[in-house]
There are 6 protein chains.
Amino acid sequence: MNRSTQSLLTTVATELASPQSLCGLFHEHRDGDPLPSQPELAEAMDLCRSILFPGFYGKSNVNNQNLIFHIGVALEKLYGILCEQIQAGLCFATGWGEVEAYGETYSSAQDTRKRKAAEFTRIFIQKLPTIRQTLATDVEAAYLGDPAAESYGEVISCYPVIKAITNYRIAHELLLLGVPLIPRIITEMAHSETGIDIHPAASIGHHFTIDHGTGVVIGATCIIGNNVKLYQGVTLGAKSFPVDADGNPIKGIPRHPILEDNVIVYSNSTILGRITIGHDAVIGGNIWVTEDVEPGKRILQNKARTDSPS
Amino acid sequence: MNRSTQSLLTTVATELASPQSLCGLFHEHRDGDPLPSQPELAEAMDLCRSILFPGFYGKSNVNNQNLIFHIGVALEKLYGILCEQIQAGLCFATGWGEVEAYGETYSSAQDTRKRKAAEFTRIFIQKLPTIRQTLATDVEAAYLGDPAAESYGEVISCYPVIKAITNYRIAHELLLLGVPLIPRIITEMAHSETGIDIHPAASIGHHFTIDHGTGVVIGATCIIGNNVKLYQGVTLGAKSFPVDADGNPIKGIPRHPILEDNVIVYSNSTILGRITIGHDAVIGGNIWVTEDVEPGKRILQNKARTDSPS
Amino acid sequence: MNRSTQSLLTTVATELASPQSLCGLFHEHRDGDPLPSQPELAEAMDLCRSILFPGFYGKSNVNNQNLIFHIGVALEKLYGILCEQIQAGLCFATGWGEVEAYGETYSSAQDTRKRKAAEFTRIFIQKLPTIRQTLATDVEAAYLGDPAAESYGEVISCYPVIKAITNYRIAHELLLLGVPLIPRIITEMAHSETGIDIHPAASIGHHFTIDHGTGVVIGATCIIGNNVKLYQGVTLGAKSFPVDADGNPIKGIPRHPILEDNVIVYSNSTILGRITIGHDAVIGGNIWVTEDVEPGKRILQNKARTDSPS
Amino acid sequence: MNRSTQSLLTTVATELASPQSLCGLFHEHRDGDPLPSQPELAEAMDLCRSILFPGFYGKSNVNNQNLIFHIGVALEKLYGILCEQIQAGLCFATGWGEVEAYGETYSSAQDTRKRKAAEFTRIFIQKLPTIRQTLATDVEAAYLGDPAAESYGEVISCYPVIKAITNYRIAHELLLLGVPLIPRIITEMAHSETGIDIHPAASIGHHFTIDHGTGVVIGATCIIGNNVKLYQGVTLGAKSFPVDADGNPIKGIPRHPILEDNVIVYSNSTILGRITIGHDAVIGGNIWVTEDVEPGKRILQNKARTDSPS
Amino acid sequence: MNRSTQSLLTTVATELASPQSLCGLFHEHRDGDPLPSQPELAEAMDLCRSILFPGFYGKSNVNNQNLIFHIGVALEKLYGILCEQIQAGLCFATGWGEVEAYGETYSSAQDTRKRKAAEFTRIFIQKLPTIRQTLATDVEAAYLGDPAAESYGEVISCYPVIKAITNYRIAHELLLLGVPLIPRIITEMAHSETGIDIHPAASIGHHFTIDHGTGVVIGATCIIGNNVKLYQGVTLGAKSFPVDADGNPIKGIPRHPILEDNVIVYSNSTILGRITIGHDAVIGGNIWVTEDVEPGKRILQNKARTDSPS
Amino acid sequence: MNRSTQSLLTTVATELASPQSLCGLFHEHRDGDPLPSQPELAEAMDLCRSILFPGFYGKSNVNNQNLIFHIGVALEKLYGILCEQIQAGLCFATGWGEVEAYGETYSSAQDTRKRKAAEFTRIFIQKLPTIRQTLATDVEAAYLGDPAAESYGEVISCYPVIKAITNYRIAHELLLLGVPLIPRIITEMAHSETGIDIHPAASIGHHFTIDHGTGVVIGATCIIGNNVKLYQGVTLGAKSFPVDADGNPIKGIPRHPILEDNVIVYSNSTILGRITIGHDAVIGGNIWVTEDVEPGKRILQNKARTDSPS
């Protein structure tokens with residue numbers, strides 16, 4: 001690299017590091033408080049999967065006797081990563097992030113976040129056995145619902161819904177605890193991996209499954225009952241949302257559908273707004289639904305027009 | 001970490017390692033038989049791609065003279081990984097997985113699986129030149145079918161269909177040999193990477209291409225002729241499937257469409273059930289097709305309604 | 001591995017390395033000129049993201065004082081990788097790739113490409129501050145447009161559109177400079193990661209956002225104004241394209257839509273051909289549009305048919 | 001790389017791979033039987049150290065409760081590596097390496113080695129608790145013998161003798177089992193790390209220590225009692241050895257010294273031949289000893305001559 | 001792995017994790033306080049070397065302009081590692097390690113160690129410029145003293161003394177601050193790498209050099225003046241040390257030699273006890289010195305006896 | 001990290017990056033010319049060892065058929081690394097390093113070094129078969145000379161002399177070509193690994209061996225015949241060297257011993273100055289030799305004094 005190139009790099013680096021260039025992008029967090037790290041959280045999810053589905057994820061040669069060793073080591077590692085990442089996420093929380101405004105010193109705010117993060121992590125880890133129980137119902141639902149599935153093992157190894165619902169159920173528990181930001185990063189990781197976009201604030205019952213899954217969107221205020229099945233490309237979205245005086249959306253209002261128990265929605269259909277799809281209803285493929293559907297009802301697609309070639 | 005936290009971790013680890021907690025999830029495989037490993041299979045696919053498309057995948061500086069060295073080393077590595085992974089997969093096969101029930105000793109069953117895995121791997125590796133020939137037709141189809149494509153190199157480097165169809169053609173050969181589970185893991189890897197979900201049991205002719213590809217689903221009993229082109233979001237799925245006395249789907253019945261030669265299906269259309277789309281037919285975008293289409297026919301979308309703003 | 005297996009591997013390696021087996025697949029580049037490397041370009045994109053959004057990507061503990069150090073080191077590394085990769089990409093350019101035909105010696109052609117690559121890289125790096133400014137408008141648009149977004153930090157960390165639009169804006173600058181192939185690889189990386197497929201040749205204004213995003217396709221000759229919002233599954237594609245005497249598509253003709261300022265397109269709609277969607281128009285979900293839409297117009301979906309269960 | 005360089009590389013590669021070029025160097029082992037791998041054995045030693053001295057080697061944050069998990073995982077990994085490496089080493093054994101000569105088939109010889117390797121590994125692993133007990137006496141000896149040592153922890157962390165004697169005690173057990181080659185590789189690793197060269201066939205009592213250690217050599221037929229202390233640069237070597245008719249040394253004859261209990265040898269002294277240094281004897285520094293020394297005797301260095309400058 | 005092998009591993013793991021098996025070896029540190037980590041400290045030394053000798057260690061392509069970026073990033077990383085490692089080392093200090101005995105709570109003792117570690121790290125980092133100045137004199141001394149040295153760069157790149165003296169000067173500063181254990185680990189790392197064993201408590205002046213170096217030992221209470229040169233195999237050791245009533249050495253008494261300015265000691269000589277080698281004295285090779293040497297004196301080796309072959 | 005700590009780091013970084021702080025240490029090389037990289041050269045040596053001793057170093061499962069592939073890939077990688085590193089080393093050469101002084105432009109001097117480095121690398125690689133032939137004689141010498149050696153494979157795997165002599169023979173060839181600095185780095189790597197310090201400029205015949213080896217020093221102007229054997233701790237050094245008017249050593253004068261064919265030197269002896277040890281002479285252990293020794297002569301150690309305890 002010659003001198004003029006190096007000068008150019010120095011100039012551009014200086015410009016890119018200037019505060020005005022970063023306005024709005026660079027999180028104004030307290031000095032020394034790191035932001036959540038996506039690679040660390042990815043490792044945490046790998047650990048969770050290896051703990052919840054031993055043998056299928058992580059070390060492939062666990063057996064009845066050494067399982068306790070592998071889970072013991074993985075849990076300890078998970079504890080360490082989650083403490084750090086939740087603490088980093090707490091900088092985004094209104095409650096703990098802006099404590100300085102209330103006169104607390106820097107280091108006591110930092111201590112508060114650290115203690116809080118350890119507490120959240122402990123509670124979360126205690127919920128892992130329950131999370132696994134619910135996931136076992138999801139595996140069962142996927143296996144029973146697909147004639148191509150040959151074993152539970154195939155479902156756990158190959159069905160993208162298992163990855164998506166695992167991340168969702170983990171993220172949902174963290175969100176219920178009040179952990180900010182981290183849950184969204186966790187579900188977005190599964191979205192990137194599977195094309196299934198489930199907001200961690202959605203509520204989803206047991207025996208839930210999605211076939212294929214690419215393009216599925218489940219919004220933040222959705223309420224989904226037990227034993228519900230979706231196919232690829234299904235959107236459970238918002239129809240429109242009230243705006244405030246400045247024309248910006250008002251946050252926090254229920255705006256996504258409710259799907260009661262045993263509902264099936266076929267591929268590429270779109271269900272919008274705070275409507276209710278009654279229990280046992282079936283929504284056909286490629287349909288646009290914006291009004292309540294009665295329990296047990298079947299909604300079908302219009303027939304396609306068939307033309308001769310022009 | 002203080003003592004109470006460590007105690008909590010130990011308690012949760014013990015609970016998560018208990019057999020009842022794992023009921024249904026932890027594959028009841030013989031002790032010491034590892035499960036298939038996704039990272040190992042991912043490496044196998046990287047090796048296959050570097051062998052089939054040298055220079056574009058793997059080492060980027062191969063040339064006419066050193067190519068043989070790189071392929072020789074890659075093939076040897078591929079052989080080793082596939083032997084191990086296919087052996088791991090054979091635990092899921094009814095034929096080999098439950099030999100103990102027939103009185104065979106543990107280690108002779110293990111030996112049988114090992115020998116079988118080596119045999120399958122050898123046969124598969126011999127098919128690689130033929131697989132590459134067929135993939136060359138897919139590259140040609142993608143190049144000719146897209147006005148934006150500027151070179152074969154661009155197609156191989158950038159078109160997701162090449163990754164998806166490569167994994168499918170490899171997985172399909174393994175499935176034809178009778179290798180269980182592994183083929184599904186291989187196509188699901190491409191699904192995660194490209195959003196294109198092709199079941200390895202589907203049958204697909206030469207000169208096959210998919211444009212963009214996100215959201216495409218091709219079911220297990222599909223039969224696709226030569227020179228077929230799909231666009232993003234196309235589903236070739238099952239309409240419904242017969243259930244047995246317990247209400248569970250009966251496995252193994254042809255239930256996905258047949259697309260004859262030269263068919264084109266535009267974006268986001270859905271073709272369901274064991275119907276036949278005749279040769280040279282064109283299915284427009286956003287259409288729902290559940291009945292046979294005659295050869296040469298064009299099926300188009302209804303016109304959209306245009307309203308003024310409310 | 002026994003001798004016969006090793007012989008088989010040697011035979012297959014020899015066959016796979018033979019020129020006829022590679023016909024059409026193995027890029028006939030000059031000996032010693034490496035092809036672009038996807039892992040290298042992936043690292044370049046990681047560096048760009050860590051430079052453009054410090055703290056959110058790359059090292060998570062940057063602060064006001066050490067930021068200049070991290071950006072300085074990252075820029076230098078980025079410079080090195082881009083020089084090499086752009087030089088590799090130039091083998092695909094008609095202008096520089098075939099200089100030998102004009103009598104230049106091999107090494108002077110290589111020097112020309114090397115010098116040109118360094119020049120392109122320098123110009124590109126100077127544009128990074130401007131690229132960040134535009135991306136800041138995209139972050140703002142995503143934040144304002146989604147009631148579920150709680151902070152700019154959440155948008156940058158979790159919204160797939162940010163990854164896709166970042167790669168697009170980088171790739172677009174490189175394409176404007178005349179860099180071949182590399183821009184397509186860069187946008188395809190984001191496509192794989194997010195399900196959003198934006199051609200680097202498309203033109204996109206500021207304050208652009210896409211919600212959820214999976215399945216979105218934006219074609220090469222699209223022109224998109226400012227303040228445009230798309231939802232998941234939207235296609236901005238070509239309707240049909242003129243073919244030449246051999247039946248192959250003619251390349252380089254405008255064939256994708258123009259979306260003027262403030263247009264919104266809801267999920268899974270398809271807009272095809274060189275038509276214009278006028279400013280402030282709203283296209284509802286699941287719609288197929290192939291004709292111009294007037295400014296301010298709202299296009300809605302036909303109502304779904306509701307049947308009782310058969 | 002241009003064509004002529006690539007041709008040169010191909011020519012040299014061909015020459016270097018030719019059998020005559022490898023005569024005497026390339027082990028004529030059965031095809032497919034890998035040789036011992038130094039990186040694998042290095043990992044095995046790291047695992048042994050982390051098991052024997054938890055916290056000081058390997059994961060630094062073990063505690064009373066998680067220790068069992070870490071040791072469990074490490075032992076399993078160690079078992080796998082040692083089985084493979086011992087099997088590789090058995091190709092060097094006369095007993096198992098040349099079974100083909102006795103008419104056994106290739107794969108049954110391979111099976112014999114595999115079974116034997118697993119058996120050796122199991123026996124070795126059962127000896128680990130005893131090995132640790134003896135090493136604890138070595139740590140105690142080093143601590144008590146050095147006024148600069150401040151804690152047992154410092155001795156384990158910083159004293160090269162601990163690394164050397166750990167590798168020796170492990171290698172010695174393997175050698176006693178009849179494992180060929182591997183023990184020598186293990187002690188040579190410690191030699192490279194510490195400058196202390198202990199032949200695995202030597203016999204060494206408890207409470208053994210070496211201060212500083214660089215340059216110490218302990219020959220294959222040495223017999224060292226309990227509570228012996230050496231300083232840096234001490235050689236316990238062979239004086240001369242009988243040669244056979246061809247002038248080559250006859251292997252397997254006792255030719256190194258015997259040091260009885262409580263002997264101390266100061267720095268850089270050399271003790272040669274099958275002589276006995278009686279219990280409680282002290283050998284001063286820089287001395288050359290080739291004859292027996294009585295118990296309790298002290299051997300000192302001649303005084304240095306002091307000259308004025310020339 | 002079959003069941004009986006796994007049972008054996010579990011049994012051995014349980015035995016090796018039992019408290020009685022660990023008696024004396026497993027540091028009884030507070031739960032959750034990790035021990036110093038050798039890989040972390042090795043990385044810290046790599047960072048120090050890359051900061052002190054930029055270009056020769058670490059990134060090889062630093063230049064005048066980007067140097068500040070590389071050093072900035074390296075210093076920040078070094079700060080983080082040293083804080084953690086010094087805190088871990090403080091568990092070994094009498095002052096801070098046993099605070100619980102004085103009624104402090106666990107977490108306040110932990111906080112004290114953390115604050116202390118940060119303070120020590122800050123002071124140490126401020127000393128780096130001075131450390132580099134002294135090291136520059138050592139480089140000069142090595143260059144001037146060796147006719148084979150062709151440039152300062154060669155000395156820095158290839159002379160083991162530079163690695164040994166760098167680690168020593170760093171460790172010595174930490175020891176002066178009162179950091180326990182860590183300094184010994186740091187000099188022992190250099191001992192393993194170079195065969196030069198310098199105790200961090202020794203005092204060494206500027207322009208110090210060692211040629212070749214293997215086997216050199218410099219004891220804890222040595223005092224070495226300026227401009228001193230040693231050759232390989234030189235020991236500056238203790239002659240004997242007073243023992244207490246239990247026969248154990250009394251710690252902390254001056255027992256190693258003093259070398260005044262401009263002393264040269266040739267290869268393999270041994271200087272023992274609290275004696276003084278006067279300024280400008282020269283000690284020949286292979287000599288054993290246990291009494292004071294006057295300034296300017298030259299001590300030579302006895303002539304070797306020359307025999308005819310027996 | 002709080003603000004004041006970050007300020008401190010920034011201040012120290014600025015000081016450490018200032019030109020005056022680097023005076024004499026930071027090589028004043030042309031901007032953009034990287035220095036030789038020790039990790040890169042370490043990889044080059046690993047490649048050389050895997051090429052020269054296939055199976056023993058590098059991949060452990062090479063066989064007759066795949067050997068050519070492994071060597072082909074390794075040679076290509078070696079070529080790339082050596083070209084870069086030799087080019088980096090050429091900045092230290094008087095001839096090429098200071099071309100700017102002669103009016104050449106920067107980039108033409110860079111081109112000259114690049115071309116020269118490629119030429120040197122090509123010549124070196126052609127010498128590899130000959131280097132291996134000579135190394136085979138060294139392996140034979142080590143095997144025949146040690147009663148403890150059980151196979152050639154054990155010698156190659158475990159004897160440190162093989163590592164040291166391999167690095168020396170490689171470095172010596174590079175030095176003969178005129179490559180600056182790199183040869184010294186290569187032999188110093190082996191010194192660190194084995195404690196054997198051979199200057200690359202020394203001349204050493206075939207069938208050379210060293211037993212144990214720690215502490216051996218072989219100076220730059222040594223001439224060693226065929227079939228010579230050394231033991232640990234032997235120094236072949238300079239007695240004194242003429243100084244110039246400034247008191248600095250005059251470089252380049254023969255000052256180390258000549259050992260004729262079949263000489264044996266036992267452990268810890270020191271041979272100094274430009275003397276000749278005649279063919280078939282034997283030098284006993286712990287001896288200091290500064291005068292010529294006649295062919296066939298045996299030099300022995302004085303007898304040690306034996307005292308009773310004081």
Side-chain angles (χ1 to χ4, degrees), chain E residues 51-57 60-61 63-65 67-68 71-72 75-76 79 118 122 125-126 128-129 132-133 135-136 139-140 144-154 156-160 193-195 212 214-215 231-233 267-268 285-286 301-310, chain F residues 1 5 8-10 12-17 19 21-27 31-32 34-38 88 92 180-181 184-185 188 191-192 195 197 199 214-215 217 219-220 233 235 237-238 241 248-253 255 268 270 272 282 286-289 296-302:
Chain E
I51 289 165
L52 293 167
F53 302 110
F56 294 101
Y57 294 90
S60 61
N61 57 345
N63 59 36
N64 287 338
Q65 292 199 51
L67 185 56
I68 179 70
I71 290 185
L75 263 189
E76 180 194 331
Y79 175 83
R122 276 194 302 271
I125 278 178
Q126 283 174 292
L128 282 170
R132 194 202 266 158
Q133 275 175 8
L135 288 171
V139 171
E140 193 185 17
L144 294 178
D146 183 3
E150 292 182 359
S151 67
Y152 278 28
E154 182 185 337
I156 300 173
S157 300
C158 311
Y159 279 51
E193 205 177 358
T194 65
H212 308 296
T214 311
Y231 284 82
Q232 68 272 20
S267 61
N268 299 315
N286 265 29
Q301 162 83 3
N302 290 321
K303 219 180 161 157
R305 198 181 56 180
T306 308
D307 291 344
S308 12
S310 57
Chain F
M1 197 184 301
T5 300
L8 184 153
L9 296 187
T10 303
V12 176
T14 308
E15 188 172 352
L16 286 164
S21 163
L22 284 158
C23 186
L25 290 178
F26 187 38
H27 181 62
D31 275 334
L35 290 166
S37 156
Q38 308 219 21
F92 285 85
L181 192 58
R184 280 287 285 127
I185 298 179
E188 182 53 31
H191 181 200
S192 174
D197 184 358
H199 196 285
T214 310
V217 172
T235 293
F241 30 78
N248 293 331
I250 301 174
K251 314 215 161 192
I253 292 175
R255 60 197 180 281
N268 298 315
T270 303
L272 296 187
V282 176
N286 264 29
I287 291 179
W288 186 263
V289 182
K297 197 86 176 176
R298 299 185 76 160
I299 314 268
L300 302 181
Q301 162 83 3
N302 288 324

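A, B, ... follow the sequence lines: proteins, then strands. Residue 1 opens every chain. Source: prediction; values computed, not measured.
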Of the non-hydrogen atoms in F:A17 and E:I68, which two are nearest, and what is the gap between them? CB-CA, 3.8 Å
What residue in F:G219, F:A88, F:A220, F:S192 has the most heavy-atom pairs under 4.5 Å with chain E? F:S192
Between E:S267 and F:W288, what is the shortest heavy-atom contact and its length? OG-CZ3, 4.0 Å
Choice from F:G237, F:A13, F:S37 maximising heavy atom contacts with chain E below 4.5 Å: F:A13
Is it the side chain or the backbone of F:V12 that comes within 4.5 Å of chain E heavy atoms, both, or neither? both
F:E15 and E:P129 have their tightest heavy-atom pair at OE2-CB, 3.4 Å
Okay, side chain of F:R184, backbone of E:E154: is any donor-acceptor separation there less than 3.5 Å? no
So, taking the atom named OG1 in F:T10 and the one named CD in E:E76, what distance separates them when rounded to the nearest 0.5 Å? 9.0 Å
Would you name the heavy atoms of F:L9 and E:I125 that are closest together and state the gap between them? CD2-CD1, 3.8 Å
Checking F:I185 against chain E: side chain, backbone, both or neither under 4.5 Å from a heavy atom? both
Would you name the heavy atoms of E:Y57 and F:Q38 that are closest together and state the gap between them? CE2-NE2, 4.2 Å
What are the two closest non-hydrogen atoms of E:T214 and F:G195, and how far apart are they? OG1-O, 3.9 Å
Between E:R132 and F:S21 (side chain of the first, backbone of the second, donor and acceptor by atom type, cut-off under 3.5 Å), is there such a pair? yes
Is E:Q232 reaching over with its side chain to a backbone N or O of F:G233, donor-acceptor style, under 3.5 angstrom? no
In this structure, CG of E:N268 is separated from CG of F:N286 (nearest 0.5 Å) by 8.0 Å
In this structure, CG of F:L16 is separated from CG of E:L52 (nearest 0.5 Å) by 7.0 Å
Applying a strict 4.5 Å limit to non-hydrogen atoms, the region of E:A149 in contact with chain F is both
To the nearest 0.5 Å, tell me how far F:T235 OG1 sits from E:Y231 OH. 11.0 Å
Using non-hydrogen atoms only, which part of E:S151 is less than 4.5 Å away from chain F: side chain, backbone, both, or neither? side chain
Where does F:P36 contact chain E at under 4.5 Å (heavy atoms): side chain, backbone, both or neither? backbone
Between CD on residue F:E188 and OG on residue E:S157, distance to nearest 0.5 Å: 10.5 Å
Nearest-0.5 Å distance, CG of residue F:D197 to OG1 of residue E:T194: 11.5 Å
Heavy-atom pairs under 4.5 Å with chain F are the metric here; pick the option from E:G215, E:C158, E:A136, E:G72 that has the most. E:C158
Do E:E150 and F:L181 come within less than 4.5 Å of each other through their side chains, counting heavy atoms only? no
